[in-house]
Amino acid sequence: MKMRLALALLILVLLVYPSVPADSYPIDGYERSGISRLQYLTTMDSSRLVRQLRPGARHPLEYVRLNLMAKPVQELPEPDEALQKELEDILPIFHKSYSLAVYDMTPGREPRYAVRNPDAGYQPGSVGKLAVATAFFCELENLYVDDVGKRFDLMKKKVVKAGPFGVYDHHTIPRFDVEKERYARSRVNEGDEFTLYEWVDHMLSVSNNGAASIVWREAILMRVFGDKYPDLTYEEMMDYFKKVPWAEKRDIAEDVVNGPLRDMGIEHEEWRLGTMFTRGASGIVPPKGGSIGTVHGLMKWMTALESGKVIDAPSSLEIKRLMYMTDRRIRYAYSKSLDDAAVYFKSGSLYGCKPGTSCGKYRGNRMNYMNSIAIVEQPDGTRYAVALMSNVLSRNSAYDHQLLATRIDNVLRKTNNADPSESLGDGTE
């Protein structure tokens, strides 16, 4: 009797907490990338792993594909009247500062686009780290135009030191000693050394500002040193930044990070970065031109990504993989409606208080930007991209973003009757 009861309980547990497949991603990403955080997941107790990774975050590596490779987007279409009305109906309760763009790319349907306040400019915050990733993969492609394997091999093998670029940021990074199986989290310090792959992962998975400045720095160095970059030492790197005039460093940094966006047809006023993400970095490379983002510009980037046009198809796919294996889902992506969906996302925020006042975290009374972009792939075949930006003073908008995610998902799934067995596009390896 006890044995039958135990067996029944085991079956119940397996139904409630389905096991993660052995080749599940991001677990299977370690061998390919060398990102030790992914290896750490394999050491977790299975029940703890299931609690950390929602069902939609447990797809195998081969699942991650580019949805628009078969029908690349040349330019965003005019807003679809029906979809526009559906979305307008859910927006009135939200603050007038909200900007929103939605692109429906569900297989078997004509693409649909809807947008609100497309040209309103916001400080992009950490969403801008996707521009840094774009710059990094652009310079990597320039380094090895005809050899994709060498690009990822360099990312896996080249170790770089943080130096002053890595400080300071409150976001902690994961540290896992693969040999001793020891895990910890702490802030980046100047002596930290990681591979290029891991710095990019720190930038996107936990949104570390120091990592973003370091990845931007490495993109600059690839541009400057070309085929000498793979063997560039820390001392040579620091010597370069000490000797080069400020104006030259400023102009190169701006062109490296914004040039690829312009090549994709994203205009200066639609999305740009002007300042590195840490004081240590901006004290070495001066800012230029300020930073701004619009939902229209961000949507151009997402449709280019799905079309294999963020640099090239291998780069687009790798960036999408990195967006999938984030440390945890927050804000927009935290919506329970997205639990079973594969979600590729990045969020960002920036808040500040008026002089002489105090305000809570993410509750700025001078500025209070909160931004999210997400590509959502539901099990029923619904596929869409969302760009959401807001600046609601004195209010943490995280819950509002979650609520909007739920309502937008309801609208898209209600108006789609897709066959989930239809092709998701060619993807690319």
Side-chain angles (χ1 to χ4, degrees), residues 76 79 84 87-103 113-132 169-171 207 209 212 257-258 261 266-278 282 287 289-302 329-335 345-375 385-408:
L76 292 171
Q84 189 79 26
L87 292 175
E88 289 289 351
D89 286 345
I90 67 174
L91 284 169
I93 67 169
F94 296 97
H95 194 272
K96 62 182 180 180
S97 77
Y98 271 82
S99 288
L100 172 70
V102 177
Y103 185 84
Y113 184 52
V115 65
R116 181 200 205 197
N117 297 333
D119 303 319
Y122 299 74
Q123 221 292 343
S126 287
V127 170
K129 289 166 184 170
L130 292 170
V132 177
D169 182 28
H170 68 281
H171 293 100
S207 202
N209 290 333
V257 80
N258 292 317
L261 301 180
I266 299 173
E267 303 296 334
H268 180 76
E269 293 303 320
E270 291 180 327
W271 192 15
R272 68 176 183 270
L273 287 189
T275 306
M276 286 205 164
F277 289 82
T278 51
S282 58
S291 301
I292 198 170
T294 66
V295 293
H296 194 66
L298 294 175
M299 186 57 72
K300 281 185 177 182
W301 185 89
M302 283 189 282
R329 294 184 180 186
I330 61 173
R331 296 173 183 160
Y332 189 96
Y334 192 76
S335 167
F345 81 101
K346 188 77 192 76
S347 69
S349 60
L350 185 68
Y351 63 93
C353 302
K354 294 178 181 178
T357 69
S358 61
C359 52
K361 194 174 184 181
Y362 309 122
R363 296 175 184 271
N365 56 27
R366 179 172 61 86
M367 60 180 179
N368 197 43
Y369 297 105
M370 187 169 287
N371 312 310
S372 299
I373 71 162
I375 296 167
V386 175
L388 176 63
M389 308 187 88
S390 63
N391 183 29
V392 184
L393 299 182
S394 304
R395 175 179 174 83
N396 187 337
S397 300
Y399 174 74
D400 295 342
H401 280 225
Q402 292 170 39
L403 181 58
L404 261 176
T406 299
R407 294 186 175 188
I408 291 168

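The figures here come from the full heavy-atom set of this structure, side chains too, leaving out hydrogens, waters and symmetry mates. In this chain, residues are counted from 1 in sequence order. Predicted model, so just to flag it, every value in this text is computed and none were measured.
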Mind listing the closest non-hydrogen atom pair of L388 and L100 along with its distance? CD1-CD1, 4.2 Å
Given side chains that start at C-beta, do those of W301 and W271 come closer than 4.5 Å, heavy atoms only? yes
Rounded to the nearest 0.5 Å, what separation is found between the CG atom of L350 and the CE atom of M370? 11.0 Å
How long is the straight-line distance from CG of L403 back to OH of Y332, given to the nearest 0.5 Å? 10.5 Å
Applying side chain to side chain donor-acceptor pair (under 3.5 Å) as the test, list every pair that has at least one member in residues 359-371; sequence neighbours left out. T357-N365
Would you check if the side chain of K346 reaches a backbone N or O of K129 as a donor-acceptor pair within less than 3.5 Å? no
Applying side chain to side chain contact (heavy atoms under 4.5 Å, CB included), can you list everything that pairs with R395, at least two apart in sequence or on another chain? V392, D400
Only counting residues at least two apart or in another chain, list the ones meeting side chain to side chain contact (heavy atoms under 4.5 Å, CB included) with H296. L76, Y113, P118, E270, T294, K300
Heavy-atom closest pair, residues A385 and M299: O-CE, 3.3 Å
Assert yes or no for the condition that the ring centre distance of F277 to H171 is strictly below 6.0 Å. no
Are the side chains of M389 and L298 in touch, meaning some heavy atoms are under 4.5 Å apart? yes
Apply side chain to side chain contact (heavy atoms under 4.5 Å, CB included) to residues V102 and L87 and explain how you reach the verdict. CA-CA 9 Å; V102 177; L87 292 175; 3.7 Å; yes
Could you give the distance from CD1 (I375) to OH (Y103), rounded to the nearest 0.5 Å? 12.0 Å
State whether a side-chain donor-acceptor pair under 3.5 Å links T275 with S282. no
With rounding to the nearest 0.5 angstrom, report the CD1 to NE2 distance, I408 to H401. 10.0 Å
Give the minimum heavy-atom separation between N258 and R272, together with the two atoms involved. OD1-CA, 3.3 Å
For the residue pair V257 and A131, what are the closest heavy atoms and their distance? CG2-O, 3.9 Å
For S372 and S347, does a side-chain donor sit closer than 3.5 Å to a side-chain acceptor? no
I need the L404 CG to S335 OG distance, nearest 0.5 Å. 10.0 Å
Tell me whether Q123 contacts the main-chain N or O of G125 through its side chain, where contact means a donor paired with an acceptor under 3.5 Å. yes
Heavy-atom closest pair, residues G348 and V127: N-CG2, 3.8 Å
Looking only at non-hydrogen atoms, find the nearest pair between P124 and L273 and report the distance. CG-CD2, 4.2 Å
Once rounded to the nearest 0.5 Å, what's the spacing between atom OG of S99 and atom CG of N391? 10.0 Å
